[in-house]
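Single-structure report; data block below.
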Amino acid sequence: MNNSKKITAARAILAAACIALGVVLIVHPGFTGIVICRTAGALALAFGAARVFSALRERDLMGWVRLDLVVGILLLAFGVFALVQPEAILSILPIVLGIYLLVECLGKTQRALVLKRIGYVRWWSVLVMGILAGLLGALLIVNPFQAAETMLMFLGASMVLDGAADLWVLWCFAAHSPD
């Protein structure tokens with residue numbers, strides 16, 4: 001399998017995973033959000049503890065070792081916060097996702113223009129999906145919902161749309177590929 005096919009397969013797997021996670025968020029938003037936050041908190045605690053331990057083992061707290069200690073302490077603080085207050089973490093998630101979807105919108109718009117340039121008749125469908133992803137992203141930034149569960153369901157729907165758009169783009173390129 002050449003690199004292009006490997007990259008395409010990897011993108012298809014990521015898009016399918018995005019769709020699957022989106023469906024889980026739609027069906028079980030509250031539970032999934034708490035699990036994600038607590039998992040991130042536990043990972044941050046583990047990485048933070050490792051960095052702090054590593055930095056403290058060094059006798060000389062100069063340069064990068066001092067920075068490692070600071071990063072470790074910040075990771076520990078985030079880990080504790082995410083474990084104790086997962087709802088607070090969930091409240092900023094819409095803004096982060098909104099920024100991600102806006103970046104995805106730009107990427108899909110570029111791919112749509114490439115499809116148009118190479119003569120694909122339905123290039124506009126990729127553009128429409130990109131614009132929809134961008135509108136959802138803008139909505140998440142402008143109006144990050146008050147209810148965490150509603151936000152997570154919206155996040156799930158956005159992920160399903162984004163994953164489906166990625167699969168559609170891959171299919172469009174594959175259908176128009178000279179291979």
Side-chain angles (χ1 to χ4, degrees), residues 6-49 71 74-115 122-174:
K6 286 180 184 177
I7 291 170
T8 299
R11 287 186 67 100
I13 290 168
L14 286 173
C18 189
I19 291 169
L21 181 57
V23 169
V24 170
L25 283 168
I26 292 168
V27 175
H28 302 290
F31 174 75
T32 306
I34 299 298
V35 167
I36 290 170
C37 286
R38 292 210 166 125
T39 301
L43 289 171
L45 279 176
F47 287 122
V71 169
L74 290 173
L75 282 170
L76 286 171
F78 172 78
V80 169
F81 186 70
L83 288 172
V84 175
Q85 291 291 326
E87 295 84 8
I89 302 296
L90 290 175
S91 70
I92 63 166
L93 196 57
I95 296 167
V96 173
L97 176 68
I99 292 168
Y100 167 76
L101 287 173
L102 286 175
V103 171
E104 280 292 309
C105 170
L106 295 174
K108 282 179 183 48
T109 301
Q110 285 180 325
R111 289 188 285 280
L113 295 175
V114 168
L115 284 169
R122 292 191 199 112
W123 65 271
W124 55 268
S125 62
V126 176
L127 180 64
V128 168
M129 287 185 193
I131 290 170
L132 285 175
L135 289 173
L136 289 173
L139 182 60
L140 282 170
I141 291 169
V142 171
N143 185 16
F145 301 109
Q146 299 299 338
E149 285 191 12
T150 303
M151 182 275 307
L152 287 170
M153 291 172 71
F154 187 74
L155 168 63
S158 300
M159 291 178 73
V160 168
L161 175 66
D162 187 55
D166 282 345
L167 288 176
W168 178 250
V169 168
L170 291 171
W171 184 85
C172 288
F173 274 106

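These numbers come from a predicted model, not from an experiment.
- Here the side chains of Phe47 and Val71 are not in contact, with every heavy-atom distance at 4.5 Å or above.
- The side chain to side chain contact (heavy atoms under 4.5 Å, CB included) check on Ile131 picks up Leu127, Leu135, with sequence neighbours excluded.
- Remark: Leu45 CG to Leu75 CG distance equals 9.0 Å, nearest 0.5 Å.
- Under the side chain to side chain contact (heavy atoms under 4.5 Å, CB included) criterion, Leu74 pairs with Val70, sequence neighbours left out.
- From Cys105, atom SG reaches atom CE of Met129 across 13.5 Å, with rounding to the nearest 0.5 Å.
- Inter-residue side-chain proximity for Thr8 and Phe173 is flagged as unmet; no heavy-atom pair is nearer than 4.5 Å.
- Gln85 is linked by a side chain to side chain contact (heavy atoms under 4.5 Å, CB included) to Phe81, Glu87, Ala88, counting only residues two or more places apart in sequence or in another chain.
- Residues passing the side chain to side chain contact (heavy atoms under 4.5 Å, CB included) test with Val84, sequence neighbours excluded: Val80.
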Using residues 161-172 as the side-chain source, report each donor-acceptor pair under 3.5 Å to any protein atom, sequence neighbours left out, with the distance given to one decimal.
from	atom 1	to	atom 2	distance (Å)
Asp162	OD1	Lys108	NZ	2.9
Asp162	OD2	Tyr100	OH	3.4
Asp166	OD1	Lys108	NZ	2.7
Trp168	NE1	Ser125	OG	2.7

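- Looking at Leu132 and Val128, their side chains come closer than 4.5 Å, going by heavy atoms from C-beta outward.
- Side-chain atoms of Met159 and Leu155, non-hydrogen and from C-beta on, do get closer than 4.5 Å to each other.
- Under the side chain to side chain donor-acceptor pair (under 3.5 Å) criterion, no residue pair touches residues 15-27, with sequence neighbours excluded.
- Across all non-hydrogen atoms, the minimal contact from Leu102 to Gly134 is CD2-O, 3.3 Å.
- Considering every non-hydrogen atom in both Ala44 and Phe78, the closest pair reads CB-CD2, 3.6 Å.
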Would you list the atom pairs, donor with acceptor, under 3.5 Å between side chains in residues 12-41 and any protein atom, with sequence neighbours excluded?
from	atom 1	to	atom 2	distance (Å)
Thr32	OG1	His28	O	2.5
Arg38	NE	Leu83	O	3.2
Thr39	OG1	Val35	O	2.7

